[in-house]
Visitor: 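Okay, here's the structure, questions in a sec.
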2 protein chains.
Amino acid sequence: MFQIDNMSHIPVYEQLVGQVEMYVLKGILNPGDRLPSVRSLAGSLAVNPNTIQKAMAELDRKGIICSVPGKGCFISDRAGEILKEEHRGELKEFKEQLRRFRMAGIGRDEIENCVDEVYSEGKK
Amino acid sequence: MFQIDNMSHIPVYEQLVGQVEMYVLKGILNPGDRLPSVRSLAGSLAVNPNTIQKAMAELDRKGIICSVPGKGCFISDRAGEILKEEHRGELKEFKEQLRRFRMAGIGRDEIENCVDEVYSEGKK
DNA sequence: TAACTGTACTACCCGTCATAGTACAGTTAT
DNA sequence: ATAACTGTACTATGACGGGTAGTACAGTTA
């Protein structure tokens, strides 16, 4: 379910956070679902338990999961809601990227093509 | 002309690289233009000369500027061309971002609004 | 000659990422 | 109750990158 890219410049714990969030957005992980334990994840991913715990702590801090000592880590009820709100906030940064594209001479039609392509994926 | 945000998590030398590239794309810096010297920039920006030099080395490596010992650093003839090509390569990453937005429930209309807004800025 | 230019090099500080090992408290099944 | 799990906390260590500090060298220009 999870996989780590050791060659990536992105920290391992951030990769984990990102993958959990992605699975939540995709509906693969749903509220109440239990994540693998810190130690089992550390074993299967060949990563130090502390690194896994760091990812769990971050997810718990954001409200994506709910860590319960002795029981495990569970997807929070508001996980999807929180993530969607977070992405909405990234729209500002998105505009900055668009402005850079425009200055780089990338035409509006090229952008429109990308949007059309992505938002047509998986449609009937 | 240049300014550094010490509170940013982005390395100073990367901020400098980004600003030079931005000015090139905006047409404020043009081929042949001479950048302030390493030491004067270090002084005015209150940054170590080594940090400035690191930015210059990176810009020289990418072909954006041409460093000439004893004379100075000058905007390369192909600077604009190189930057536009670089941004074109980022279209793939742009699509990934779009997919994340779509999964986060951001509608196509919201994206279209952003595109329209950005590509309408500064138009007659 | 003097004052500039870019460049190279070493040394050091600091923060982050990751590992390693230990320990403690809560939960669950036997 | 015991054993085996669960999350959590803590210290110590090593590696790496960003940044500073200082020095030095070679090319350019007035």
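Naming: A, B, ... by sequence-line order, numbering from 1 per chain. Only this structure's heavy atoms are used, side chains among them; waters, hydrogens and symmetry mates stay out.
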Visitor: What is the distance, rounded to the nearest whole Å, between atom CZ of R39(A) and atom C1' of dA9(D)?
Guide: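 So the two atoms are 12 Å apart, to the nearest Å.
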Visitor: Does dA11(C) pair with anything, Watson-Crick or G-U wobble, both distances under 3.5 Å, and if so, with which nucleotide?
Guide: dT20(D)
Visitor: K62(B) and E86(B): salt bridge (charged side-chain N to carboxylate O under 4.0 Å, His left out), yes or no, with the steps?
Guide: CA-CA 10 Å; K62(B) 295 175 70 176; E86(B) 178 180 321; 3.2 Å; yes
Visitor: Find which nucleotide of DNA chain C each of V68(A) and A57(B) is nearest to by heavy atoms, and output the residue with the more 5' nucleotide.
Guide: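 Its nearest nucleotide being more 5', the pick is A57(B).
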Visitor: When you measure from the side-chain N and O atoms of Y13(B) to the phosphate of dG18(D), is any distance below 4.0 Å, counting only OP1 and OP2?
Guide: yes
Visitor: To the nearest angstrom, how far is E58(A) atom CD from dT8(D) atom P?
Guide: 13 Å
Visitor: Return the nucleotide paired to dG27(D): Watson-Crick means purine N1 to pyrimidine N3 with N6-O4 or O6-N4, wobble means G-U with N1-O2 and O6-N3, both under 3.5 Å.
Guide: dC4(C)
Visitor: Quick one: I52(B) CD1 to dA21(D) P, roughly how many Å, whole number?
Guide: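 It works out to 13 Å between those atoms.
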Visitor: Closest approach to the side chain of S67(A), judged atom by atom: which nucleotide of dT29(D), dT7(C), dG7(D) is it?
Guide: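 For S67(A), the side-chain atoms sit closest to dG7(D).
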Visitor: Which whole-number value in Å describes the distance from Q53(B) CD to dA21(D) C1'?
Guide: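 Rounded to the whole Å, the gap is 15 Å.
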Visitor: Taking OP1 and OP2 of dT6(D), is either one under 4.0 Å from a side-chain nitrogen or oxygen of S37(A)?
Guide: yes
Visitor: Rounded to whole angstrom units, what separation is found between the CG atom of D5(A) and the C1' atom of dA18(C)?
Guide: 16 Å
Visitor: Using whole Å, report how far CG of N50(A) lies from C1' of dA15(D).
Guide: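 N50(A) atom CG is separated from dA15(D) atom C1' by 16 Å.
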Visitor: Does a sphere of radius 6.0 Å around CD in E93(A) hold more than 12 heavy atoms from other residues, nucleotides or ligands, not counting ones at 6.0 Å or beyond?
Guide: no
Visitor: Should we count CD of E121(B) as having more than 12 external heavy atoms under 6.0 Å?
Guide: yes
Visitor: Taking all heavy atoms of S8(B) and all of I10(B), pick out the closest pair and write down the distance.
Guide: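 Scanning both residues completely, I find the closest heavy atoms to be OG-N, 2.9 Å.
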Visitor: Atom NZ of K71(B) to atom P of dC4(C): distance rounded to whole Å?
Guide: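 That distance rounds to 18 Å.
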Visitor: Could one point to a donor on the side chain of N48(B) or the base of dG18(D) with an acceptor on the other under 3.5 Å away?
Guide: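 Flag unset: no donor-acceptor pair detected.
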Visitor: Out of dT8(D), dT7(C), dT19(C), which nucleotide sits closest to the side chain of P69(A)?
Guide: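 Selected nucleotide: dT8(D).
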Visitor: Indicate whether OP1 or OP2 belonging to dG18(D) is found under 4.0 Å from a side-chain N or O atom of K54(B).
Guide: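 Checking K54(B) against dG18(D): at least one side-chain N or O falls below 4.0 Å of OP1 or OP2.
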Visitor: Rounded to whole angstroms, how far apart are CG on N6(B) and P on dG15(C)?
Guide: 15 Å
Visitor: Any side-chain N or O of T51(B) less than 4.0 Å from the OP1 or OP2 oxygen of dG18(D)?
Guide: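 For T51(B), the contact criterion (side-chain N or O under 4.0 Å from OP1 or OP2 of dG18(D)) is not met.
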Visitor: Taking the inter-plane angle between the rings of F101(A) and F94(B) on a 0 to 90° scale, is it parallel (under 30°), tilted (30 to 60°) or perpendicular (over 60°)?
Guide: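 Ring orientation of F101(A) relative to F94(B): perpendicular.
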